[in-house]
Structure formats: C-alpha cells, structure tokens
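Just so it is clear, the structure is predicted and the values come from calculations on it, not from any experiment.
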Amino acid sequence: MKKIIPVLLCLVLIVALAISVSAADSSLAITPSATTLERGDTFTITANLTNTESINLCTVALSFDTNVFELVGGTYLETAAYGNVKMEGQLAAGALMLGAPKDISGKVFTFQFKVKADAAFGTYTFTPTAAIGVSAGNQITATGTTVKVDCKHSYGAWTDNENGKHSRICSKCQDVDTEVHDWNDGVAEPAATCDTPGTMKFTCLFCSATKTEDIKVLGHKYDNDCDASCNRTGCDHTRTVSHKYGSEWKNDKDGHWHRCTVCGDTKDYAYHTPTATTNPDDAQICSVCQYEISPAAAHEHEMSEEWITDAQYHWHRCQKKNPSCYHVEDKAEHDYDDDCDVTCNTCGYIREAPHNYTGEWKGGQEGHWDVCATCGARSQTYPHEPGPEATQDTPQICVECNFTIKMPLSHVHDYGEAWYYDEESHWQSCTDSACLETTEKQAHDWDDGVEQADGSLQYTCTVCGKQTVTAEPMPEPTNPDPTTPGGSSGAQEGEQDGSGSFPWQWAGIAAVVLLVIGIVLLVIEFIRSRKVNSHGRFSK
C-alpha cells in the first residue's frame with residue numbers, strides 16, 4: 001500500500017502538469033459572419049480554438065443581449081463523440097466530448113442567431129467564456145466580438161414641413177429624415193424694371209414647397225457718365241449729359257483736338273498751324289499743339305525702347321534731342337489674355353478689370369467664396385453663418401452656402417476600403433461626402449522594390465498601393481503597422497496577456513517539484529523494503 005500512494009501521486013501530478021501547460025497556451029476567439037445587420041437578419045458566430053493538445057472536452061458559453069438577438073441553432077465539431085449547442089439561461093452554450101484525447105485547432109462551434117424584429121439599433125457585444133480539459137475542464141483566454149444593428153433605410157417621397165425644411169419617412173423603421181429646402185434659381189413673377197419692383201418665386205428641388213422674395217427697382221443702366229440712353233431692354237429713358245474734355249491736345253499728322261476722358265468723344269478739331277521759321281532745315285512745329293509737322297532736314301528718328309502708354313494704346317516714340325519730334329511707331333491696342341486679365345502682355349500696362357462672379361457660393365472648412373466665371377479666380381473668403389445646432393439626426397449647415405459644418409450627432413464615421421495618399425503617408429476618408437473626417441495619417445509601408453531597366457527601384461506601399469521610383473533604397477517605415485498608432489498591435493510577439501488569469505507557469509513549476517519529491521519517496525521506499533526482506537521479514 002505504501003508503494004501505491006507515491007505512484008498515484010506521480011500520475012496525478014503528471015496529468016495536472018499536462019493540463020496546466022495545455023490551458024496556459026490555449027485560447028479561443030469568436031468571429032461573426034457579418035458585422036452590420038438589419039432587423040430579421042440571420043447570422044453565424046464561429047468559435048475557433050488554438051494551441052490545444054490532448055483534450056477530450058471543450059465548453060463555450062456566449063453572453064449577449066437577449067432583447068436584441070435569439071439563438072436559432074448551432075453545430076459542433078464533427079469529430080466529437082458527443083456535443084450540443086443550446087440556450088442555458090441567458091447564455092448560448094456549446095459543449096462537446098471527444099471519444100479520446102486529441103489535438104484540436106480551428107472551428108469547434110457555430111452559433112446561429114437572428115436579430116429580433118423589434119431590436120433597438122446600436123452596437124452590441126458577444127462575450128465568450130471557454131474551458132478545455134481532460135475531465136472537468138480548465139478555463140482559457142477567450143476573445144469577444146461586436147456587431148452593429150442598423151437599418152438600410154428605404155425612404156419615401158419628400159414632404160414640406162412648412163418650417164423651411166422637408167422630411168421623408170423610412171418604410172422599414174419609420175426613421176424621419178429632415179433637411180432644409182434646396183431652392184432652384186427662381187422665376188421672376190413679375191420681373192422688376194427700371195421704375196417698378198418685382199417678385200422672385202423659388203421652388204424646392206425635392207418637394208413642392210415655394211417661397212417668394214421681393215426684387216428691388218433696378219434703376220436705369222448706363223455704360224458710363226456720358227451715356228445718355230438707358231441700356232436695359234424695353235426702357236427708352238434718356239438723360240442730359242456733359243462730356244469731360246481734357247485740357248491736353250490730342251493730335252495726328254493732319255490736325256489736333258480735345259478728347260472726353262470718359263467716353264472718348266472729341267471736339268475742337270482743327271488743322272495744324274505751322275510755326276513761322278527762318279531756317280528751312282528746322283523742324284516745322286504746330287503752334288497750337290506742338291506737333292512736329294515735318295522734322296528737321298538732318299533729323300533721323302531714334303525710337304525709344306520703353307513703351308509709352310495711355311488707357312487704350314501703347315507705342316514707341318522718337319527720343320532724339322530735338323524735343324519737337326513726335327514720330328510714333330508700333331502703336332497698337334493693349335493685349336490681354338481675357339476680360340479679367342489686368343496686365344498687358346506686350347507693354348505691362350496695368351488696368352482695372354472687374355471679375356465676373358457667378359453668385360454661386362463654394363464652401364469649405366475655412367468658409368465660403370465666389371468664383372469668377374471667366375478666369376476662375378476666387379473672391380474673398382467669408383466665414384460660415386451657422387444654422388440651427390446639429391441634432392441626433394440633422395446636421396448643422398451654413399445658411400449661405402449649405403456647407404455641412406457639423407455632422408448629425410448619430411453620425412458614425414465609415415472609412416470604407418479606399419486609401420488616399422501623398423508622397424509621405426496614406427489615410428482613409430469618411431465615405432459620407434458631407435463629412436470631411438479622415439483617419440490619422442500613417443507612413444507608407446514599402447515593399448522590397450522591383451528593379452527597373454535603368455537600374456532604379458520601383459517601390460509599392462503594401463497598404464495603399466502608392467508607387468514611387470527612386471535610385472536609393474527606401475528607409476525603414478517608422479510606423480510599420482498602419483492600423484495601430486505607433487506601429488504596435490498590442491502585446492509584443494510571444495507575450496501573453498495574463499491579467500486576471502491563473503498563473504499557469506507557476507503551477508507547472510510546482511507540479512515538477514512535486515513530481516521529483518514523489519520519485520525520491522518511491523526510491524526510498526523501494527530500498528527500505530529490500531533491506532527488511534533480507535532479514536526474513538516482510539513489510540506490511
């Protein structure tokens with residue numbers, strides 16, 4: 001009897017050691033067949049077991065919100081001698097028994113759930129508890145998962161709320177979508193004239209709502225201060241004007257005159273009056289406007305390199321010392337790229353030219369602005385004028401340009417699968433066109449590169465697909481894992497998160513110590529029994 005006790009002790013310690021080592025390294029993770037669901041959807045959660053050796057049983061229990069989901073079925077490992085998946089209280093539980101101890105890795109259970117018809121929308125967690133073992137089982141690390149219950153809305157037609165907004169209702173969940181009216185360009189009914197006001201009628205582009213705005217009296221329109229007739233269609237009004245003639249004489253080879261500085265009208269035209277001269281070789285000058293009617297006999301023109309300009313023309317003029325020579329060459333009208341260009345391409349003369357703004361606001365985070373229809377130049381940027389504060393279902397928008405300042409409070413960013421990038425980094429943007437939120441920029445994760453025909457290397461980012469060609473090797477990325485800030489995805493490789501779990505490594509050490517003690521006691525007992533038997537006695 002004394003021999004049997006140490007032997008049994010050794011066997012128990014060996015089994016305990018095997019269980020502790022297996023349980024210490026084993027883990028279980030659950031994955032859903034879909035992460036976004038609608039009411040009435042059926043989906044599957046799969047339980048996967050890893051790092052198990054010689055077990056003959058496994059149990060898994062899932063804790064979940066029974067007001068939202070119901071268990072409708074499940075399966076267990078096909079090679080198990082016995083198993084089941086069923087509801088036990090508030091848990092979806094699965095159990096299996098193997099015919100003999102086996103090494104198991106991979107899928108052990110599938111739980112089939114259905115989203116209840118009256119389930120509340122939101123994100124829900126499935127929390128597993130798992131155990132493996134030879135007989136009673138040992139609890140192991142289990143990782144949970146989350147799913148989202150939402151509605152893929154199917155809205156009806158827009159209806160006017162008579163408060164500056166319109167709304168529509170989802171036929172599935174009765175959600176109400178409300179937006180401010182989006183007015184068309186309007187129709188003048190009637191149009192304003194120079195003397196009478198008018199009315200502009202606007203209609204919402206999505207519903208039947210209308211609104212009217214008064215149009216002020218237009219007033220008469222003239223090209224300039226010298227224009228006597230109104231230029232508006234249908235208006236025959238005239239006025240009395242007076243030209244603004246300059247005091248400086250304008251001239252050509254035939255005569256001289258005064259010109260209006262506003263419209264270019266002329267008056268006081270007369271032929272040149274030559275100045276009397278006693279030397280026939282001297283230049284002949286007009287005594288009124290100082291125009292050189294004929295140059296001095298020995299005079300040769302020396303044209304200036306710099307342009308001489310007025311508001312309409314540019315030209316070169318003779319610059320000989322003789323001050324009476326007004327000979328002109330290369331006279332032409334100023335040359336501009338378009339109606340908004342202010343600098344002459346030939347002489348550099350700068351004019352005032354107004355932009356042709358469209359009146360349609362463009363918006364961004366910094367404010368809103370107008371764009372010239374001719375050259376595309378932006379006007380001054382004006383700050384947004386916020387409308388009502390964002391609510392759970394409606395955004396806050398600028399009342400001037402309809403730019404979305406704040407998304408609805410219920411908005412959840414969905415970054416999709418598309419990547420955006422520049423030379424140094426890549427990121428993802430929210431798929432909602434009204435939302436400007438992006439993920440944090442991460443450095444590119446370059447591959448080993450492909451050598452090109454000219455000896456350069458073409459590198460491709462393994463995350464976003466950005467390609468670049470360079471003659472130098474790419475530096476190591478400072479953030480190799482773009483999905484986790486700092487390049488770390490949690491615990492380092494080979495580490496185990498032991499928080500809140502049994503210290504299996506110490507249990508293994510204790511088991512080894514007890515095993516050694518048991519072997520020593522067995523040897524001592526064996527020697528003692530041999531010694532007693534040699535004297536003709538037998539141990540009890």
Is the shortest side-chain heavy-atom distance between [X] and [Y] below 4.5 Å?
{"X": "Val108", "Y": "Leu28", "answer": "yes"}
{"X": "Pro408", "Y": "Thr394", "answer": "no"}
{"X": "Ser63", "Y": "Gln90", "answer": "no"}
{"X": "Ile405", "Y": "Cys398", "answer": "yes"}
{"X": "Tyr336", "Y": "Asp338", "answer": "no"}

With a 6.0 Å cut-off (strictly less than), is the heavy-atom count around [atom1] of [X], excluding the residue itself, greater than 12?
{"X": "Lys221", "atom1": "NZ", "result": "no"}
{"X": "Lys102", "atom1": "NZ", "result": "yes"}
{"X": "Glu162", "atom1": "CD", "result": "no"}

- Message: Could you check whether Tyr420 and Asp422, counting side-chain N and O atoms only, form a donor-acceptor pair closer than 3.5 Å?
- Response: no
- Query: What residue among Trp419, Tyr421, Trp446 forms ring-ring contact (aromatic ring centres under 6.0 Å, His included) with His426?
  - Reply: Trp419
- Query: Should the pair His334 and Tyr349 be assigned to parallel (<30°), tilted (30 to 60°) or perpendicular (>60°) ring geometry?
  - Reply: parallel
- Query: So, do Phe126 and Phe113 have ring centers that fall under 6.0 Å from each other?
  - Reply: yes
